[in-house]
Each structure stands twice: as C-alpha cells, then as structure tokens.
Amino acid sequence: MSALLERPPFGPRDDARFIEEMNALTAHHLAWCPPFARVWPGWTPGADAASLPYLHAGVFKRGDLTTEFPGVRRGRFLRSSGSGGAVSRIALDEESSALQARSAAAILADALGGGTRPLLVIDRAASLRERGTLSARTAAALSLAPLASEIRFLLDDPGPVGGIAWSRIADLLEREEEILVYGFTSILWQEWAERRRPADVAGRLARRKIVFVHSGGWKRLEAQGIDPKTLESRLLATAGPGSRVVDFYGLVEQIGVPYPLCVSGYRHVPVWADVVVRDATTLSSLAEETGMLQLVNVLARGAPNHSVLTEDLGRIAPGPCPCGREGKRFEMLGRVPRAELRGCANV
C-alpha cells in the first residue's frame with residue numbers, strides 16, 4: 001500500500017517520496033514485464049516524473065500487457081468500447097484494484113461531498129454479467145459506489161430504442177431528497193436531457209437535488225454542436241435547487257484516477273499521481289505550454305499502465321487555483337489532430 005494514499009488527495013505533496021515510489025514501481029514492471037523492458041532497455045531512475053518511462057495509450061490496443069510478479073492474483077480485463085475501432089484491454093489484479101478503488105473514492109468524495117445517496121446509472125448492467133471483462137463505462141459508474149446507498153441501472157437497451165425505465169425509481173422519488181446520476185456523456189444527453197419523461201416523474205425530479213456526474217463521449221455531442229454549457233443547462237433544467245453537474249476526465253488505462261472539473265475550470269492532480277506535458281513532435285517535457293498529456297500514478301502493480309502517454313492535449317496551469325485546492329492543476333485543450341477516437345477510454 002502506498003503511503004501517499006494515507007493522505008487527503010489534494011494538498012502539498014512529498015515530491016521525493018512520490019518519485020521514489022514511481023521509480024520503484026517502474027523497476028518492478030521492468031523486472032516482471034518483458035515487453036515493457038524491451039521498450040525501455042537501460043532505463044535508470046530519475047529525479048522527477050518527466051524522467052519516467054511510459055507507454056503510448058495505443059499500445060494497449062495491440063495486445064495484453066501484464067506484469068507477472070510472484071503472488072499476483074488476476075481479476076478481469078477492463079476494456080474500452082473502441083467506438084468502432086480497436087479496443088484497449090487492461091489487465092486487472094486484486095492489489096491494484098484495491099488501490100484504484102481507494103483512490104477513486106477519495107477523489108470523488110472530495111469533488112462530490114461526503115455521505116451517501118442513491119446512484120442512478122444511465123446505462124445497462126450487462127457488463128457486470130460478462131465473464132472475464134468489464135467495460136470501462138461500467139467501471140466508471142462503479143467508482144461512485146462508495147458514495148452510493150444503493151445502485152440502480154436504468155437502461156435495458158442503451159441504443160436509440162428504449163429509454164430510461166422510470167418505474168424503477170418511483171419509490172426513490174417518493175422518499176429521497178438527493179440522488180446521484182451517472183452517465184457516459186453522450187448517453188446522459190440522449191436518454192436524460194433529450195427524452196421526455198412522464199409528467200409526474202418530471203414534477204418529482206424538479207423538487208430533488210441531483211448531482212449529475214458524466215465522463216467521456218464528447219465527440220458525438222460536439223458533432224451535433226452541443227457544448228458543455230448546453231449540456232449543463234439542459235440537465236439542470238430537469239432538477240431541483242442546489243443541483244449541479246460534474247464532468248470528470250480519465251483513462252481506461254488508469255481507471256483509479258478520475259480528474260473532476262473544478263468550479264474554476266481546472267483538473268487537479270492527487271498527491272499519488274502526476275501529469276507531464278510533452279511536445280507532440282519532440283516528446284520533450286513542457287512547463288506551461290500546450291502538449292500531449294502523460295499521466296502517471298503509483299496504483300498499477302499488475303500491468304505497466306502506471307505511466308501512459310495520451311493523445312489528449314493540455315497544459316499545466318501556474319499558481320494557486322481560485323477553487324482553493326492545493327497542488328498541481330491542468331487544463332484540457334482537446335485532442336491531437338486526427339487522433340483516433342478513444343470512445344470509453346476517456347472515463
């Protein structure tokens with residue numbers, strides 16, 4: 001267990017301890033994952049996150065990478081949807097899954113507040129029944145489980161035919177004052193914001209405090225000319241006073257570290273993770289310029305997905321954040337031109 005996980009997620013970080021743990025984790029993967037070792041022969045520990053070796057996110061679409069150390073206990077594979085393209089498959093193990101669950105719970109509790117309330121998932125539960133794999137969308141929903149008093153999946157069919165089974169939550173709307181709603185961004189728009197609902201359900205929702213949480217799926221909405229402000233206003237128009245919308249970014253390759261958008265428009269890096277920005281041409285690290293995001297964390301033991309170079313563009317923001325959180329923060333600024341659509345990898 002990383003000592004960094006004993007601390008609150010945001011605040012001053014022990015940089016020396018972080019890089020010590022990351023160097024040790026990298027050495028672990030080099031020793032027990034031969035494909036990773038072949039990519040980075042002769043690596044020696046450095047003094048900062050920019051010196052850490054990495055794998056491009058696309059590598060995880062080309063085959064299963066595992067770190068087979070003594071005593072590892074395997075779980076399912078986590079898969080992205082691929083959005084019609086190649087699918088990422090990330091090997092899960094019990095130790096890493098426990099660390100990732102603890103990390104996600106701490107980050108999301110900071111963003112959404114403590115306590116529990118019912119969680120409504122605007123998706124189907126079919127992924128839970130699949131043997132050997134778990135979809136990234138379902139994993140993102142389940143990362144909210146520590147904040148949920150109960151979980152209900154509301155779709156039988158997530159496609160254009162079907163819609164939310166409102167009868168499944170009639171009892172909740174009678175007794176609960178606050179609920180969590182999670183959906184992949186495009187599904188949340190399609191099934192909640194756009195569809196009409198029965199008048200009695202609409203009336204009850206309009207008196208409930210709803211915290212909408214969404215991730216991924218922006219490409220489809222952007223193609224329709226729908227921006228974040230439009231999505232937020234349409235969702236809040238269905239809910240009661242005090243409701244809000246939280247957008248979080250993350251990778252299927254690093255499911256345990258979601259990056260919620262703060263009220264000031266930034267994404268904050270927990271003390272057990274880091275973000276490096278690299279020039280898209282030279283791959284050199286950048287201070288405050290825009291470049292490709294490399295995400296690193298101390299959580300991954302069973303596969304070398306502890307340091308992943310993405311095709312997402314961003315920049316490190318200088319100075320303290322107006323929202324009051326301490327530590328490093330960054331802005332998301334789009335995708336590398338002509339980059340492959342990542343589908344549910346952006347969870």
With no hydrogens and no angle check, is any side-chain donor or acceptor of [X] less than 3.5 Å from a backbone partner on [Y]?
X	Y	result
T26	M22	yes
S285	V277	no
R152	L119	no
R137	S215	no
S186	L221	no
D93	G302	yes
R329	P318	yes
S97	E94	no
D312	R335	no
T67	W32	no

Heavy-atom side-chain proximity of [X] to [Y] below 4.5 angstrom:
X	Y	result
R197	T238	yes
H214	L231	yes
R278	L309	yes
R79	S135	yes
F184	R220	yes
I179	V211	no
P320	E326	no
L188	Y182	no

### Message
So, taking the atom named CD in E21 and the one named OG in S2, what distance separates them when rounded to the nearest 0.5 Å?
### Response
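With rounding to 0.5 Å, CD (E21) is 3.5 Å from OG (S2).
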
### Query
Will you find, in the side chains of Q294 and S307, an N or O donor that is under 3.5 Å from an N or O acceptor?
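Their side chains do contain a donor-acceptor pair, which is all the 3.5 Å distance test asks for.
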
Salt-bridge present ([X], [Y]; N to O < 4.0 Å):
X	Y	value
K209	E176	no
K229	D227	no
R117	E177	no
D274	R13	yes
K328	D15	no
R74	E68	yes

### Query
So with a 6.0 Å cut-off around CZ of R62, is the heavy-atom count from everything else above 12?
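Not buried by this count: 12 neighbours or fewer within 6.0 Å.
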
### Query
More than 12 heavy atoms of other residues, nucleotides or ligands under 6.0 Å from CZ of R175: is that the case?
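Counting neighbours around CZ of R175, more than 12 heavy atoms of other residues, nucleotides or ligands fall under 6.0 Å, so yes.
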
Single-linkage hydrophobic cluster, 4.5 Å side-chain cutoff, [X] and [Y] together:
X	Y	value
L236	L120	yes
L108	L261	no
Y266	L293	no
V72	L99	no
V275	V252	yes

If every non-hydrogen atom of [X] is compared with every non-hydrogen atom of [Y], which pair is closest and at what distance?
X	Y	value
V257	P270	CG1-CG, 3.9 Å
Q254	N305	NE2-O, 3.1 Å
A139	L78	CB-CD1, 3.5 Å
L299	L25	N-CD2, 4.5 Å
P118	E178	CD-O, 3.6 Å
Q190	E194	O-CB, 3.7 Å

Which atom pairs, donor and acceptor, lie under 3.5 Å between side-chain atoms of residues 37-50 and protein residues at least two apart or in another chain?
| unit_1 | atom_1 | unit_2 | atom_2 | d |
| --- | --- | --- | --- | --- |
| W40 | NE1 | Y54 | O | 2.8 |
| W43 | NE1 | S51 | O | 3.2 |
| D48 | OD1 | A50 | N | 3.4 |
| D48 | OD1 | S51 | N | 3.2 |

### Message
Using ring centroids (six-membered ring only for Trp), state whether F69 and H28 fall under 6.0 Å.
### Response
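Centroid distance H28-F69: below 6.0 Å, so yes.
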
### Message
Please determine whether side chain to side chain contact (heavy atoms under 4.5 Å, CB included) holds for the pair I255 and S143, giving the CA-CA distance in whole Å, both sets of side-chain angles, and the decisive distance to 0.1 Å.
### Response
CA-CA 9 Å; I255 196 68; S143 70; 5.9 Å; no

### Message
What verdict does the side chain to side chain contact (heavy atoms under 4.5 Å, CB included) test give for L147 and T116, after you've listed the backbone C-alpha separation in whole Å, the side-chain angles of each residue and the deciding distance to 0.1 Å?
### Response
CA-CA 5 Å; L147 305 180; T116 61; 5.6 Å; no

#### Entry: salt bridge (Lys or Arg N to Asp or Glu O under 4.0 Å) between R244 and E232, worked out
CA-CA 8 Å; R244 60 194 179 106; E232 181 174 348; over 6 Å; no

### Task
Return each pair, listed once, that meets salt bridge (Lys or Arg N to Asp or Glu O under 4.0 Å) where at least one residue sits in residues 104-116; pairs must be two or more places apart or across chains.
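Residue pairs with at least one partner in residues 104-116: D110-R325.
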
### Task
State whether F153 and R124 meet the cation-pi test: NZ (Lys) or CZ (Arg) under 6.0 Å from the six-membered ring centroid, and within 45° of the perpendicular axis.
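R124 over F153 ring: no.
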
### Query
Does R234 count as lying over the ring of W192, i.e. NZ or CZ under 6.0 Å from the six-ring centre, within 45 degrees of the axis?
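No, cation not above the ring by the 6.0 Å, 45° rule.
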
### Message
Just to verify, what does F10 make a ring pair (Phe, Tyr, Trp, His ring centres under 6.0 Å) with, not counting sequence neighbours?
### Response
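In terms of ring pair (Phe, Tyr, Trp, His ring centres under 6.0 Å), with neighbours along the sequence ignored, F10 is linked to no residue.
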
### Query
Any idea how Y259 and Y249 line up, ring-wise: parallel (<30°), tilted (30 to 60°), or perpendicular (>60°)?
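It falls in the tilted class, 30° to 60°.
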
### Query
Which is it for I122 and F212 under the side chain to side chain contact (heavy atoms under 4.5 Å, CB included) test, yes or no, and what are the steps along the way?
CA-CA 11 Å; I122 314 304; F212 296 96; over 6 Å; no

### Query
Could you go step by step and tell me if V181 and V213 meet the side chain to side chain contact (heavy atoms under 4.5 Å, CB included) rule?
CA-CA 6 Å; V181 174; V213 184; over 6 Å; no

### Query
Can K61 and E253 be said to form a salt bridge (Lys or Arg N to Asp or Glu O under 4.0 Å), step by step?
CA-CA 10 Å; K61 300 179 187 293; E253 296 85 4; 5.8 Å; no

